[in-house]
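Lettering of chains follows the sequences in order, A, B, ..., and the numbering in each one begins at 1.
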Amino acid sequence: MSKTLTTRKQDYSQWYNELILRGGLADHSAVRGCMVIKPYGYALWENMRDELDRQFKATGHQNAYFPLFIPKSFLSKEAAHVDGFAKECAVVTHYRLKNDPNGKGIIVDPEAKLEEELIVRPTSETIIWSTYKNWIQSYRDLPLLINQWANVVRWEMRTRLFLRTAEFLWQEGHTAHASKEEAIEETERMLDVYANFAEEYMALPVIRGIKSPNERFAGAEETYCIEALMQDGKALQAGTSHFLGQNFAKAFDVKFSTKDNTEEYVWATSWGVSTRLIGALVMAHSDDEGLVLPPKIAPIQVVFVPIYKGPDSKPAIDAKIKELAKQLQAKGVRVKMDLDDAARPGWKFAEYEMQGIPVRIALGARDMENNQVEVARRDTKEKQVMSMDNLDSHIVDLLSAIQNNLFDRAQQFRTAMTTEVTTWEEFVDVLDNKTGFVSAHWDGTPETEEKIKELTKATIRCIPLNNKLEAGKCILTGNPSTQRVLFARAY
RNA sequence: CGGGGAGUAGCGCAGGCCGGUAGCGCAUCUGGUUUGGGACCAGGGGGUCGCAGGUUCGAAUCCUGUCUCCCCGACCA
């Protein structure tokens with residue numbers, strides 16, 4: 001194996017793939033399009049999951065669990081929904097295997113055919129709303145605020161680790177409300193939770209916006225999203241929150257009695273983020289030496305690397321490292337000590353850089369004499385010598401500085417990579433050469449968006465929330481427009 | 001699903017056209033010397049050549065099928 005990664009400049013896709021594998025986040029599996037999330041990658045996901053879960057509960061949601069399988073008939077109850085997902089569903093048709101009568105292993109027992117085929121959930125709106133029908137009778141049962149952590153399956157043609165896999169982990173919130181206003185408020189609230197999580201914990205600046213009709217979730221009235229920009233100038237949808245109107249309530253006949261005893265359909269939302277966030281994280285911050293993880297969600301925040309000199313130096317150095325590590329752990333810092341004397345320091349340095357551990361602390365005989373350590377930060381690769389006195393609080397401050405720096409760096413990049421254009425020539429030129437977000441006027445029709453996509457492969461990523469209204473002419477048709485929207489090529 | 005490339009030791013690859021004892025580097029194991037940016041010396045272990053068929057006295061090599069990965073398109077979070 002080569003010592004270095006393919007660089008971003010050489011081949012961005014390959015860089016990404018190598019990084020996931022060599023950073024120890026995931027492996028390919030024996031099943032096409034599916035991945036094995038390795039312990040280090042899963043620890044990262046757990047940190048993200050735990051914080052999101054905390055925020056969901058803080059906003060009044062409860063966790064529940066609904067089945068993996070959905071009766072085929074449920075999926076077709078909402079017309080737009082089935083249209084959106086039909087092409088990528090895994091279907092269970094039988095429930096038993098048997099020995100091949102010809103003696104060649106095992107076969108599906110043709111006599112064990114299901115009466116009604118089951119769909120492996122690509123998302124759970126239908127199974128959940130068929131259940132909500134039984135849970136909701138009165139306005140007193142509302143709002144109903146449920147989330148589930150689950151796996152889903154979408155049979156994608158082309159897959160990439162974390163960014164698009166056939167099976168992925170996610171959470172899906174499904175809420176029911178008495179009024180349209182309340183449902184929209186919920187949709188926006190959860191978008192805010194996502195945006196704050198992305199920015200504060202993942203150090204990933206995001207644009208909050210709404211999707212154009214073309215990009216809307218199948219079955220939604222309105223799809224809100226957070227959009228992030230990757231280092232190669234492509235956009236990535238990092239989370240979505242949908243106002244579902246009364247579409248699913250009508251499809252599954254979920255009505256409630258109001259205070260004045262009238263009967264009305266329930267208003268719905270759904271919202272989700274997935275393990276795709278890990279892909280976003282990797283592509284937003286990492287460099288040609290490996291992963292760069294934001295301290296707040298990094299599985300390991302600080303790694304100690306001893307530098308032994310002579311056979312007798314180990315006990316004293318190890319003892320000092322354990323002492324310093326204990327102080328850090330007391331402040332809530334996640335610490336690893338690599339006291340293996342078989343591997344050399346240089347090898348460890350490179351390895352922990354590959355894994356994106358935010359801070360590395362090296363400690364050798366020289367440091368012991370001077371009561372100091374060498375502290376290296378992953379984000380800037382700067383090294384500084386620090387006193388062992390009060391090291392814990394200095395490291396806590398440093399972790400916070402790294403977190404902020406990652407966010408600022410990503411935000412500056414995004415600002416620099418967001419371009420306003422007025423002519424079609426500029427539009428195409430920016431997409432081809434500069435890349436990034438392109439802010440341009442659009443006449444608001446799905447036909448124009450479709451045409452632009454055909455011509456340039458760029459899509460409308462979103463119409464930013466609180467967008468400035470400004471009269472202009474559509475980039476393609478020249479028709480009048482009231483506001484700019486964000487275009488980009490996207491993952 | 002279409003077009004292109006690939007699958008040989010844990011990893012990276014050579015061999016294949018022209019069938020005849022399966023190789024190299026890294027990693028690993030043992031012993032020793034080492035340790036401030038991917039250590040060195042010596043010795044050792046590890047493979048049904050992706051899988052399944054076929055041709056042949058004999059297949060990593062030729063033929064057919066199949067699975068997986070990568071790149072490019074169509075689809076998508």
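- Checking the phosphate oxygens (OP1, OP2) of B:G73, a side-chain nitrogen or oxygen of A:K457 falls inside 4.0 Å.
- With a cut-off of 3.5 Å on both Watson-Crick or G-U wobble distances, the partner of B:G58 is given as none.
- Residue-level contact check: A:S29 touches neither bases nor backbone, having no heavy atom under 4.0 Å from any strand.
- A close approach under 4.0 Å does occur between a side-chain nitrogen or oxygen of A:R344 and OP1 or OP2 of B:G36.
- On the P atoms, B:A27 is 15 Å away from B:C11, given to the nearest whole Å.
- Where A:W347 and A:F217 meet RNA chain B, the nucleotide closest to each residue was compared, and A:W347 sits on the side nearer the 5' end.
- In this structure B:C17 sits in no base pair that meets the Watson-Crick or G-U test at under 3.5 Å.
- Across all strands shown, B:G25 forms a Watson-Crick or G-U wobble pair with B:C11, both key distances being under 3.5 Å.
- Counting non-hydrogen atoms under 4.0 angstrom, A:A365 reaches a base of the nucleic acid.
- Between B:C71, B:G73, B:A77, one nucleotide has an atom nearer to the side chain of A:R154 than all others, and that is B:A77.
- Pairing partner, B:G36: none, since no Watson-Crick or wobble contact has both distances short of 3.5 Å.
- Nucleotide B:G53 has B:C63 as its partner under the Watson-Crick or G-U criteria, with both atom distances under 3.5 Å.
- For the pair A:D318 and A:K314, the salt-bridge criterion is met [side-chain N within less than 4.0 Å of a carboxylate O].
- If you check B:A6 for Watson-Crick or wobble pairing at under 3.5 angstrom, you find it paired to B:U68.
- OP1 or OP2 of B:A77 has not a single side-chain nitrogen or oxygen of A:T240 nearer than 4.0 Å.
- For RNA chain B, the residues of residues 366-391 of chain A within the heavy-atom distance limit of 4.0 Å (strictly under) are A:R366, A:D367, A:E374, A:K383, sorted by number.
- Sorted by first and then second residue, the ring pair (Phe, Tyr, Trp, His ring centres under 6.0 Å) pairs involving residues 193-231 of chain A (not counting sequence neighbours) are A:H81-A:F217, A:F85-A:F217, A:F197-A:Y201, A:F217-A:H242.
- Comparing A:A218 and A:I307, the nucleotide of RNA chain B nearest to each residue sits closer to the 5' end for A:I307.
- Between A:R158 and B:C72 there is a side-chain N or O to OP1 or OP2 distance below 4.0 Å.
- Closest to the A:F349 side chain, of the nucleotides B:G37, B:A77, B:U35, is B:G37.
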